[in-house]
Amino acid sequence: MSPHVAYVAASYAAAAVLILALIGWVFLDGRARRQELKKLEEAGVRRRSETKRTS
Amino acid sequence: MTDNSLAIRKFSDLANPTRFLALAARLLPWLIGATVLFFVAGLTLAFTTEGDYQQGETVRIMYIHVPAAWLSMMCYTVMAISALGTLVWRHPLADVSAKAAAPIGAAFTLMALITGSLWGKPMWGTWWVWDARLTSVFVLFLMYLGLIALNRAIDEPGKAAKLCAILILIGFVNIPIIKFSVEWWNTLHQPASVVRLDGPTIDPEFLRPLLVMAVAYTLLFFTLHIAAMRNEIWRRRVMALRRQAARSIDREA
């Protein structure tokens, strides 16, 4: 075992934390926006382009 | 002349956010799958190839450090192209692209700085030196943070887009400085050993995992970027719908 294994482990751990944080942020942000859009739609607020198409 | 189909036939069709959302929904599962595959292959190679005869195990830090550093510069380049799209062609998605890319670029730059520091301590004997390469990458990190802050500080999206685009283009001068810093100045950081005119000088044993990891990082970037752009389009749509709802309440009252 090389004496530097701790540095390698720490690097991979730091990279993993950053990547998982990015994925988590993008996923949660997307989910929150989707929920907001759903709520607006349930409240009957529609985009003008959509109301035109349906009527 | 009204074309209501969502098919994308030419590049300018992407300017329609609804078309972009449809494309993103189709592309994202494939991108996620490819990213996972390349990370599995890259990490397997990274831990099964031999250590370096001088560096020993620490050479494995290279497989996550170098792609992160490449991506930190590629992300800024994507933002610079988007900035041109905002200022020159007024492409409606260009500003969405630049805004979505900034936090991703900041994360990759931070990753390059942290892993570089953890590589520097055992190999150079120091966590940090203010040499040209390390300093210019640190400046890139600060620029990402500044751009994120500026974009969020201005309420009006159109104005924020224009100001950020100008700042992005001014800051682009840093990218060639980062790339060539190791040649122009005397740095503790080694010069390029992969992307150079006379070809890579690195042994294939290390080059193979490095390139696979570089592809994995690139796929990860585009997956996150497209998903973040989709989120930004949704965010703007929510704002527009709320404004529209408020106006119709005003009319009824």
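Just so it is clear: chains get the letters A, B, ... in the order the sequence lines come, proteins before strands, and each one is counted from 1. Below, each value reflects all heavy atoms present in this structure, side chains not excepted, and no hydrogens, waters or symmetry copies.
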Minimum-distance pair of heavy atoms, taken over all atoms of [X] and [Y]:
{"X": "Val238(B)", "Y": "Glu36(A)", "value": "CG1-OE1, 3.4 Å"}
{"X": "Thr58(B)", "Y": "Val8(A)", "value": "CA-CG2, 3.8 Å"}
{"X": "Arg34(A)", "Y": "Trp234(B)", "value": "NH1-CH2, 3.4 Å"}
{"X": "Tyr7(A)", "Y": "Ile61(B)", "value": "O-CD1, 3.9 Å"}
{"X": "Ala15(A)", "Y": "Ile64(B)", "value": "CB-CD1, 4.0 Å"}
{"X": "Asn231(B)", "Y": "Gly30(A)", "value": "OD1-CA, 3.1 Å"}

(request) Select one option (side chain, backbone, both, neither) describing which atoms of Arg235(B) are under 4.5 Å from chain A's heavy atoms. (result)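 For Arg235(B), heavy atoms of backbone and side chain both lie under 4.5 Å from chain A.
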
(request) Name the region of Phe221(B), side chain, backbone, both or neither, that has any atom closer than 4.5 Å to a heavy atom of chain A. (result)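 For Phe221(B), no heavy atom lies under 4.5 Å from chain A.
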
(message) So if I take each residue of residues 105-114 of chain B and look for any heavy atom under 4.5 Å from a heavy atom in chain A, which residues do I end up with?
(response)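 Heavy-atom contacts from residues 105-114 of chain B to chain A are Ala107(B), Leu110(B), Met111(B), Ile114(B).
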
Atom [atom1] of residue position [X] - does it have more than 12 heavy atoms of other residues, nucleotides or ligands inside 6.0 Å?
{"X": "Phe38(B)", "atom1": "CZ", "answer": "no"}
{"X": "Trp127(B)", "atom1": "CH2", "answer": "yes"}
{"X": "Glu50(B)", "atom1": "CD", "answer": "no"}

(request) Taking the side chain as every heavy atom from C-beta outward, state whether Ile23(A) and Thr223(B) have any atom pair closer than 4.5 Å. (result)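 SC-SC contact between Ile23(A) and Thr223(B) ruled out.
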
(message) Within the 4.5 Å heavy-atom criterion, are Arg230(B) and Arg33(A) side-chain neighbours or not?
(response)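 No - every pair of side-chain heavy atoms lies 4.5 Å or more apart.
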
(request) Hey, could you give me the CG/OH distance between Leu43(B) and Tyr12(A), rounded to the nearest 0.5 Å? (result)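 Taking CG in Leu43(B) and OH in Tyr12(A), the distance rounds to 6.5 Å.
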
(message) If I take atom NZ from residue Lys121(B) and atom NE2 from residue His4(A), how far apart are they, to the nearest 0.5 angstrom?
(response)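 Reported value, rounded in 0.5 Å steps: 11.0 Å.
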
(message) Does any backbone or side-chain atom of Ala14(A) lie under 4.5 Å from a heavy atom of chain B? Answer side chain, backbone, both or neither.
(response)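 Just the side chain, heavy atoms under 4.5 Å.
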
(message) Counting only non-hydrogen atoms closer than 4.5 Å, does Leu40(A) touch chain B with its backbone (N, CA, C, O), its side chain (CB onward), both, or neither?
(response)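 Looking at Leu40(A), just its side chain touches chain B.
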
(message) For chain A, which candidate among Phe47(B), Tyr63(B), Trp119(B) shows the most heavy-atom pairs at distances under 4.5 Å?
(response)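 The option with the most such pairs is Phe47(B).
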
